[in-house]
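One structure is given here, and the rest of the page talks about it.
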Amino acid sequence: MITIAKNRFYTGNTTSLFSAEVAKHVRQFHTRIENYQPTPLVSLSMLAKKLGVKAIVIKDESHRFGLKAYKALGGSYALGQILADRLNIDIRDLDINTVAAKLETPLIFITATAGNHGIGVAWAAQKMGQKAIIYMPKGSPIANAERVRELGSECFITDDNYDDTVRLANNIAQKNHWILIQDTAWEGYHDIPTWICQGYLTMADEAVEQMALLDLDTPTHVMLQAGVGSMAGSMLEYLVDKLGPESFQSIITEPSVANCIFRSGTSAHGDRVNVSENIDTIMTGMACEVPRVLDTIMTGLACDEPNPDTWPILKQCSNYFAHADDSVSAVGMRVLGNPLIGDTQVISGASGAITLGLLYQLCQDSRYLDSREQLGLNQDAVILLFNTEGDTNPSGYRDIVWNGS
Ligand SMILES: Cc1ncc(COP(=O)(O)O)c(C=O)c1O
């Protein structure tokens, strides 16, 4: 099941936090990390033909730094900024390989996360000779905790939910004068989440360059998945700045049970507000909360409140808000993992595949014909997607792709 709504708040206005100019510096930082390589941009030309569009290109972040997800781009850039700050130098002058030797003792970073972000922070801390401590909420996959430990960080799985685990990490950070590295903002906590979001821009910057190298037209459609909307907001601002606000249609997609961006974006006029019994918020067009029942296979997107710093970008620059249930993402995983002859296989986890699942359903299912037409998903459409994770949970991946769960 898919729900899609036009954004009535669209203005095309951006901030200047995630501009193409900022992306240049961010990418320059990432290229200095050992083994940095742009992730592939895969053109699924057979699938495009089958779905009746001109091109489908997917940026495959399952190859990012050997970590199977894009998240380390954010954690590493934030750590770089903090270290540069400590040494009183510009991040452009930070030598990742020798920075540890310039500090008397390593800095200690702490974060609360169910998976990809924590793995990214642990990896970045290891690369830069620093220390990271990762707290995971109850129910987090043991495999993720093990990956964090393999990267040299301590990892604890708490008895609390995600929000309480963030509070716990924050308290521990304050008590010990450690540095909290969280991928969403709140009152009084802005710089670090901004650096994390800026870190994601390398992915968009590579994609735009790779499209030109593949001799593809610039995208007519960009589909981005969202949890709190940090990634989608920063990437969208970059793309609007680089390509122009009117040059493409953007569609922000979430799991239906965690559709806080959709709810926020469709709220002010009261149309398409899907208020559940747990919501007593007056819908105002401001960021709002969704119920705490976030049971979805898209664990990376299971978020209940938009990032207040990137929400304004999504509010002003997205063209459409959408949400889809788990089966849509599962279809996306299966289509990407079992390509048509001539197309490249893309291994995509549930949070990575939701946009392809959405596109596939829109183009294949006659119930969505009107939406398809409204969106202009026709023979001229060049669609850019981001596979934000691979099989970060291999047994969960097989359950869905092999066993049809
Ligand atoms: C694989 C994956 N994709 C997308 C996202 C969405 O990111 P955000 O919470 O910034 O919207 C996440 C967040 O952790 C993720 O792990």
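Just so you know, ligand 1 is whichever comes first in the structure, and atom 1 is the first atom listed for that ligand.
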Please output the side-chain donor-acceptor pairs of residues 191-200 that fall under 3.5 Å, not counting sequence neighbours, one pair per line with the distance.
residue, atom, partner, partner atom, Å
Thr194, OG1, His190, O, 2.9
Gln198, NE2, Leu17, O, 2.9
Tyr200, OH, Lys71, NZ, 3.0

Q. Do Lys138 and Asp159 sit within salt-bridge range, that is, some charged N less than 4.0 Å from a carboxylate O?
A. no

Q.
Pairing donors with acceptors under 3.5 angstrom, does anything connect the side chains of Gln249 and Thr220?
A. no

Distance-only donor-acceptor hits, side chain of residues 330-357, under 3.5 Å, sequence neighbours excluded:
residue, atom, partner, partner atom, Å
Arg334, NE, Ile400, O, 3.1
Arg334, NH2, Ile400, O, 3.3
Arg334, NH2, Ser405, O, 3.0
Asn338, ND2, Arg334, O, 2.8
Asp343, OD1, Ser45, N, 3.1
Asp343, OD1, Met46, N, 2.9
Asp343, OD2, Met46, N, 3.4
Asp343, OD2, Leu47, N, 2.9
Gln345, NE2, Gly337, O, 2.9
Ser348, OG, Ala353, N, 3.1
Ser348, OG, Asn387, OD1, 2.6
Ser351, OG, Gly300, N, 3.1

Q | Residues that Gln374 engages under side chain to side chain contact (heavy atoms under 4.5 Å, CB included), provided they are two or more places apart | A | Lys6, Tyr320

Write 'none' if nothing qualifies; otherwise put on separate lines each N/O atom of ligand 1 with a protein N/O atom under 3.5 Å away and their distance to 0.1 Å.
residue, atom, partner, partner atom, Å
ligand 1, 3 (N), Thr388, OG1, 2.8
ligand 1, 7 (O), Tyr70, OH, 3.2
ligand 1, 9 (O), Val228, N, 3.0
ligand 1, 10 (O), Ser230, N, 3.1
ligand 1, 10 (O), Met231, N, 2.9
ligand 1, 11 (O), Gly227, N, 2.6
ligand 1, 11 (O), Val228, N, 3.2
ligand 1, 11 (O), Gly229, N, 2.8
ligand 1, 14 (O), Lys71, NZ, 3.2
ligand 1, 14 (O), Gly300, O, 3.4
ligand 1, 16 (O), Asn116, ND2, 3.0

**Q.** Proximity of Phe65 and Trp123 rings by center, below 6.0 Å
**A.** yes

